[in-house]
Number of protein chains: 2
Amino acid sequence: MVQDEIDLTEKQILRRGEILGSATKLFLNEGYGRTTMDNVLALVGGSKRTLYKYFPNKEALFTAIIEQVSDRVLSAFTPPLCEGIFRETLIGMGARYLQVMTSAECISLYRAMVAEAPHFPDLADNFLQNGPCRASQHLAEYLRSHAKNNRLRITDPDLCAAQFMGAVRGNVHFHAVFNGRVPTKKETQMISEAAVETLLNGWSK
Amino acid sequence: MVQDEIDLTEKQILRRGEILGSATKLFLNEGYGRTTMDNVLALVGGSKRTLYKYFPNKEALFTAIIEQVSDRVLSAFTPPLCEGIFRETLIGMGARYLQVMTSAECISLYRAMVAEAPHFPDLADNFLQNGPCRASQHLAEYLRSHAKNNRLRITDPDLCAAQFMGAVRGNVHFHAVFNGRVPTKKETQMISEAAVETLLNGWSK
DNA sequence: ATTTATGGATACGATATCGTATCTTACCCT
DNA sequence: AGGGTAAGATACGATATCGTATCCATAAAT
């Protein structure tokens, strides 16, 4: 696996990247079933020989795409925790979470993953762990270490974190997925503020 | 449209139902792209002639399936509101919501809808309105009429309802979609109780 | 009982799609 | 500049798929 990439020249790595980039657009916009290899080829140019050299089959191409986009998109879920006012930090995390979750790229990724989850269980699991779950684990860690100082009655930080993320999502994510209706940055801010308002109050002793 | 069904005999209606039932399993389990008309035929038996008589093409069959399953599954979101203790009613609504959302049938429906939303925008909109949105509207109505009596500081019932439904979902729905991990009835009950605990406290004056 | 309509079996046409193989061109290195 | 390698163009095989058309059996109706 690593061997495959070791003996690629700089140019070949670039070419591989071009193919991956073009294919990403197609697979994420049209889905796995509606994207064909010929389709990829028409967009990226070149020949089948080259395409199949870098990606032995359609599934491998899809897998590579999902892994790359997952890494890029989902890494935004766990920014370094800049210490600040507790309430403001929560609001920021919620707003950022919603912003990422409803970004065009994440929605496309989500759609593709949901559709193909049964056929790519490993990819699906990876997405789940590095996406929503990682985001709420990140929050849970924060809650765990700051609950006492802020007089919060939090017995299960993981559950509370999931509650918070869920409350922030509300129906907004559904709208984005089914309707293409994504919130503005100002809206995400207000939604996160409202969630923090309610949940901080709800958790307080 | 109605005309089409008027001149069907009793037997034909049954036959149509059989086809619809068998096709439903395939489309919901395998998705639109991986289900073929020949595939449907092999399961339901009979001939193409009959299949295409009742459903002029693949898209029409899919549409009919989604509409039928939507009606059946999503109607469970809005049970008649039996008056009772406010807190208990909320817990019941949350638990029921989570139960329906993570049922095998709803997960399959959700998967199919997410995957095909861009290609069947009307279906997607219908699902959104009669699914998640209807459930939270139902709750919003309840909150609107019971907030004062229960000394709740609820300025935006729709937002609060969405918060609550989201908090109940937490990451559970994601797990069901990506991992096939569905909660037991006892777990849904506990999750809903926890959400009510937090949010009622959060909304109280 | 004969005719008519209905449904089953299946052949068929047209196109699509994955992945391989062949042939030719362009590029690189010495 | 020339030989060798990588890559482009594209033909090809095998199969699949949608939807139509054809042929035959069976049931219903007169």
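Excluded from the calculations below are hydrogen atoms, water molecules and symmetry mates; all remaining heavy atoms, backbone and side chain alike, are included. Quantities reported herein were computed from a predicted structural model and do not represent experimental measurements. In what follows, chains carry the letters A, B, and so on, assigned in the order in which the sequence lines appear, proteins first and then strands, with residues in each chain numbered from 1.
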Holding to side chain to side chain donor-acceptor pair (under 3.5 Å), I want the full list of residues that pass it with A:Asp158, two or more places apart in sequence or in another chain. none
Does B:Asn179 have any side chain to side chain donor-acceptor pair (under 3.5 Å) partners at least two apart in sequence or in another chain, and if so, which? A:Asp125
Can you list, by residue number, the residues of residues 50-66 of chain A that have a non-hydrogen atom closer than 4.0 angstrom to DNA chain C? A:Tyr52, A:Asn57, A:Lys58
Check DNA chain C against residues 25-36 of chain B and give the residues with a non-hydrogen atom under 4.0 Å, in numerical order. none
Between A:Tyr110 and B:Phe178, is the ring centre distance below 6.0 Å? yes
Could you tell me which residues satisfy salt bridge (charged side-chain N to carboxylate O under 4.0 Å, His left out) with [X], sequence neighbours excluded, listed by chain and number?
X: B:Glu187; answer: none
X: B:Glu141; answer: B:Arg144
X: B:Glu197; answer: B:Arg87
X: A:Glu88; answer: none

Among pairs that include at least one residue of residues 100-118 of chain B, which meet salt bridge (Lys or Arg N to Asp or Glu O under 4.0 Å), considering only residues two or more places apart or in two chains? A:Arg34-B:Glu116, B:Arg72-B:Glu105
I need the full list of salt bridge (Lys or Arg N to Asp or Glu O under 4.0 Å) pairs touching residues 165-186 of chain B, with sequence neighbours left out, sorted by first then second residue. none
Measuring only between side-chain heavy atoms, which start at C-beta, is A:Leu200 closer than 4.5 Å to A:Phe86? yes
Would you check if A:Leu74 and A:Phe127 make a side-chain contact, meaning some heavy-atom pair closer than 4.5 Å? yes
Going through the checks in order, is the side-chain hydrogen bond (donor to acceptor under 3.5 Å, both in side chains) test met by B:Thr35 and B:Glu30? CA-CA 6 Å; B:Thr35 301; B:Glu30 296 297 318; over 6 Å; no
Chain A contact limits on DNA chain C, taken 5' to 3' with a cut-off of 4.0 angstrom to heavy atoms: C:dT17 to C:dC28
Return the value, rounded to whole Å, for the distance between atom CD of A:Glu10 and atom C1' of D:dA6. 17 Å
Quick one: what's the B/S/- string for nucleotides 22-30 of chain D, heavy-atom cutoff under 4.0 Å, read 5' to 3'? BB-------
